[in-house]
Amino acid sequence: MGTDERSAAPGGSGDSGSGSAAGGPPGKGARAQGSEGEGPGSQGAAPSGPGTASAVPLGDILRSRGYLALLLLSAVLGAPIAFLAFLFVSLQHEIQRAVWTDLPKAVGYAEAPWWWPLPALLLAGLILAPVVTRLPGGGGHQPVKGLGGPPLGPSALPGVVIAALATLPLGVVLGPEAPLMALGSGLALLALGSVKRSAHPKAGLVLAMSGSTTAISTIFGGPLVAVVMIVEAAGLAGTQLFVLLLPCLLASGVGALVFTGFGRWTGFSTGALELPSVPPNTTPDAGDFLWGVPVAVLIAVIVFSAHRIGTVTARWTELRTAPRTVACAVAVGMLIAAYALITGRSPAEAALSGQTTLGALAADPGAWPVAALLVLVVCKGLAWGIALGGLRGGPIFPAVLLGAAMGVACSGLPGLGTTSGLALGMVTATAVVTRLPVTSAVLAALLLGPDASNQMPLIAVCAVVGFVTAHLLESAGRRREKREAAGAAAGSA
C-alpha cells in the first residue's frame, strides 16, 4: 500500500474514522488520525494550500476554484460509484439467495437443512484464506476494528470484492457495509489517480470519504445515516465540518438517486437494511423506561462481550493466519448448525448479516418463542464474535439483529412493549458497536419509520446508555490489563 493511499483515505473507512464510525471497540476516532497529521482532524479537507482548513474562512473555501472542482467531481463520481455499488450488492444478494434458497430446493429440501452451514462455511474459509494472506489489502480490514483500519487504496479492491462476493453469501455472520465503503473509497481514489493524490492529498482525502459515503448510503436507505455517521465520527468543527460534509452529502445524494432508479428499473433486490413492517405503534410509558434502561445495559454488556471475542480471535489469527481463518469459518458454521438443531428452525436465521431475519422478527415478533430468540442470541452472538476477528465483512448489521432479538425477548416483562423492546434493542446494540450514539438513534428511527416519533425518547435514552456502558466496560478492561501487565513486570523483576 503506497503512502499516497494512506494519506488520501477516508476517515469513514480508515481506522481513525471507522474505529469510531462503525467499529466501536477499540476504535480511536478521527482525532487519533488527526494527531498523526493524516486525517481530517488535523489536515482539514480543503484541496488547496497547506495548513488547516479551520484557518481559512468558509466563504473563501466555497468560492475557491479547487473546492468547486472538488464538489463537481464528487457529484460526477457519485453516479458511477452508486451504480457499481448497486451491481455489487445485487450480485451478492443473488448469490446468497442461490446458496440458501434455490440450491436446497434443487437437491430436494424445502429449506436449507441444519447441516447446510457446515460445508458452506468451510468453503468460505478455504476461499478467504488465500485472499487474506496473499492479495494486497488482505480482503479488507478485520471487522473487529470497525469499518476499516489503515486506509485501503485501489490495489486492495480485487481482494475486497472477492472476499465479499465469495464468502458473505455463504453465511459469514457479517454485513456488507465495510466492503462497500472500501469499494467506494477505492474507486474514488482510482478515478483521482495516484499522481493527483500525491499532489493534492487533502482533495484525495475528501474524495475518498465521499466515495465511501456514497457506497454505504446505498444500504442504509439513503444518504442521511451515512452523512450523520461521517459527521459524528470525524469529530470536526467549524469550517472543517462543512468542507468535508458538502462533498459527502452531494456525492451520496446523487448516488442514492441512481441506486434507487436502478433498483426499480431492473427489479433486483439488494437486501438493504430495512423493516418492511414493524409492530403496532405505541407510546412509551413509565414501564418502558423502568425496564428499558436496565435491559439496555444488559444488551450493551452482551454485545460488548461478543465483540471482545472478536478481539481475542483477531490476536489468535495473527499467527498461522491461513489455517486459523479456515478454523474460524468452520466454527461459525458449527454455531449456525447448532442453532438450527436446537430450535428446529432454518439455519439461515442465524447465518448471514441478519437483514432478512431482522425484517421477519419485526414483522411478526409473536412467531418467535423466547427460547428461540435466546438461542439465536447465543449462537449468532458467538459466531459474530468469531467472524469479527477471523473473517471479513462489516460489523453493524448482525449487531442490530442481536439487539433486536434481545429487546423482543425481554418485551414480555411487565410494562415493556414489543415495539419499545425492538427499538431499544436496535439502538443500544448499534451504539455499542459503532460508539456513535447520534448515528445509532438516526438509524433506529429510520428503521422504525412512522413509529419512530413516539419511540424517540426511549431511543435517545438507550443510545446514551449503550454508548456509556460500552465505554465504561472498555475502560475497566484497560485498567485490568494495565494491572496485569504491571504485576507481570514486577514478577519478572
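Remark: of the listed residues Pro169, Ser346, Pro117, Pro117 is the sole one forming a side chain to side chain contact (heavy atoms under 4.5 Å, CB included) with Trp100. Checked against Pro365 for a side chain to side chain contact (heavy atoms under 4.5 Å, CB included), the options Leu422, Thr419, Val408 give a single hit: Val408.
In this structure, Arg345 and Glu349 have side chains that are in contact, with non-hydrogen atoms separated by less than 4.5 Å. Within the 4.5 Å cutoff, side-chain heavy atoms of Leu361 are placed close to those of Leu373. Side-chain contact between Leu84 and Leu187 is present, with at least one heavy-atom pair separated by less than 4.5 Å. Proximity of Pro143 to Leu391: side-chain heavy atoms (C-beta onward) are nowhere separated by under 4.5 Å. Counting heavy atoms from C-beta on, the side chains of Ser210 and Val206 come closer than 4.5 Å. Between Cys328 and Thr317, the closest side-chain pair of non-hydrogen atoms falls below 4.5 Å. The closest side-chain heavy-atom distance from Val144 to Pro395 is not below 4.5 Å.
The NE2 atom of His307 lies 11.0 Å from the OG1 atom of Thr313; values are rounded to the nearest 0.5 Å. Atoms NZ and OH, on Lys380 and Tyr339 in that order, are 9.5 Å from each other to the nearest 0.5 Å. The distance from the CD1 atom of Ile459 to the OG1 atom of Thr428 is 10.0 Å, given to the nearest 0.5 Å. Atom CG in Leu157 sits 9.0 Å away from atom CG in Leu189 (nearest 0.5 Å). Atom CG in Leu183 sits 10.0 Å away from atom CG in Leu87 (nearest 0.5 Å). Leu448 CG to Asn454 CG: the interatomic distance, rounded to the nearest 0.5 Å, is 10.5 Å.
Residues forming a side chain to side chain contact (heavy atoms under 4.5 Å, CB included) with Glu318 (at least two apart in sequence, or on another chain): none. Among residues two or more places apart in sequence or in another chain, the side-chain hydrogen bond (donor to acceptor under 3.5 Å, both in side chains) test is passed with Gln96 by none. Scored by the side chain to side chain contact (heavy atoms under 4.5 Å, CB included) test, Val132 finds Leu128, Thr321, Arg392 as partners (sequence neighbours excluded). Every residue two or more places apart in sequence or in another chain was checked for a side-chain hydrogen bond (donor to acceptor under 3.5 Å, both in side chains) with Glu484, and none qualifies.
Judged purely by atom type and a 3.5 angstrom limit, Thr357 has no side-chain atom pairing as donor or acceptor with the backbone of Gly354. A side-chain donor-acceptor contact under 3.5 Å links Ser185 to the backbone of Ala182. Within the 3.5 Å criterion, the main-chain N or O of Ile396 finds a donor-acceptor partner in the side chain of Glu177. In terms of modelled atom types and a separation under 3.5 Å, the side chain of Ser411 and the main chain of Thr418 share no donor-acceptor contact.
Within 6.0 Å of the CE atom in Met334, the count of heavy atoms belonging to other residues, nucleotides or ligands does not exceed 12.
When every heavy atom of Ala331 is checked against every heavy atom of Ile386, the shortest pair comes out as CB-CD1, 4.0 Å. Heavy atoms only, all atoms of each residue included: Ala404 and Met426 are closest at CB-CG, 3.8 Å. The two residues Ser74 and Leu207 have their closest heavy-atom pair at OG-CD1, 3.8 Å. Contact detail for Val173 and Trp384: the closest heavy-atom pair is O-CD1, 3.5 Å. Between Gln142 and Gly389, the shortest heavy-atom contact is NE2-O, 3.2 Å. Contact record, Ala405 with Val377: CB-CG2, 3.9 Å, taken as the closest heavy-atom pair.
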What verdict does the side chain to side chain contact (heavy atoms under 4.5 Å, CB included) test give for Trp368 and Leu376, after you've listed the backbone C-alpha separation in whole Å, the side-chain angles of each residue and the deciding distance to 0.1 Å?
CA-CA 10 Å; Trp368 294 72; Leu376 176 66; 4.1 Å; yes
Go through it in stages, so that I can follow the logic: the residues are Cys410 and Leu416, the test is side chain to side chain contact (heavy atoms under 4.5 Å, CB included), and I'd like the CA-CA distance, side-chain angles, deciding distance and then a yes or no.
CA-CA 8 Å; Cys410 295; Leu416 180 61; 4.3 Å; yes
Check the pair Leu446 / Val225 against side chain to side chain contact (heavy atoms under 4.5 Å, CB included), numbers first and verdict last.
CA-CA 9 Å; Leu446 289 179; Val225 175; 3.2 Å; yes
What's the verdict on side chain to side chain contact (heavy atoms under 4.5 Å, CB included) for Ser440 and Thr434, showing C-alpha distance, side-chain angles and the deciding distance?
CA-CA 8 Å; Ser440 304; Thr434 64; 3.3 Å; yes
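Salt bridge present: Arg435 and Glu474 bring a charged side-chain N and a carboxylate O closer than 4.0 Å.
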For residues 288-302, please give each side-chain donor-acceptor pair under 3.5 Å, one per line with the distance, not counting sequence neighbours.
from, atom 1, to, atom 2, distance (Å)
Asp288, OD1, Gly417, N, 3.1
Asp288, OD1, Ser420, OG, 3.4
Asp288, OD2, Asp285, N, 3.0
Asp288, OD2, Ser420, OG, 3.4
Trp291, NE1, Pro414, O, 2.4

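Applying the ring pair (Phe, Tyr, Trp, His ring centres under 6.0 Å) rule to pairs touching residues 452-473 yields Phe467-His471, sequence neighbours excluded.
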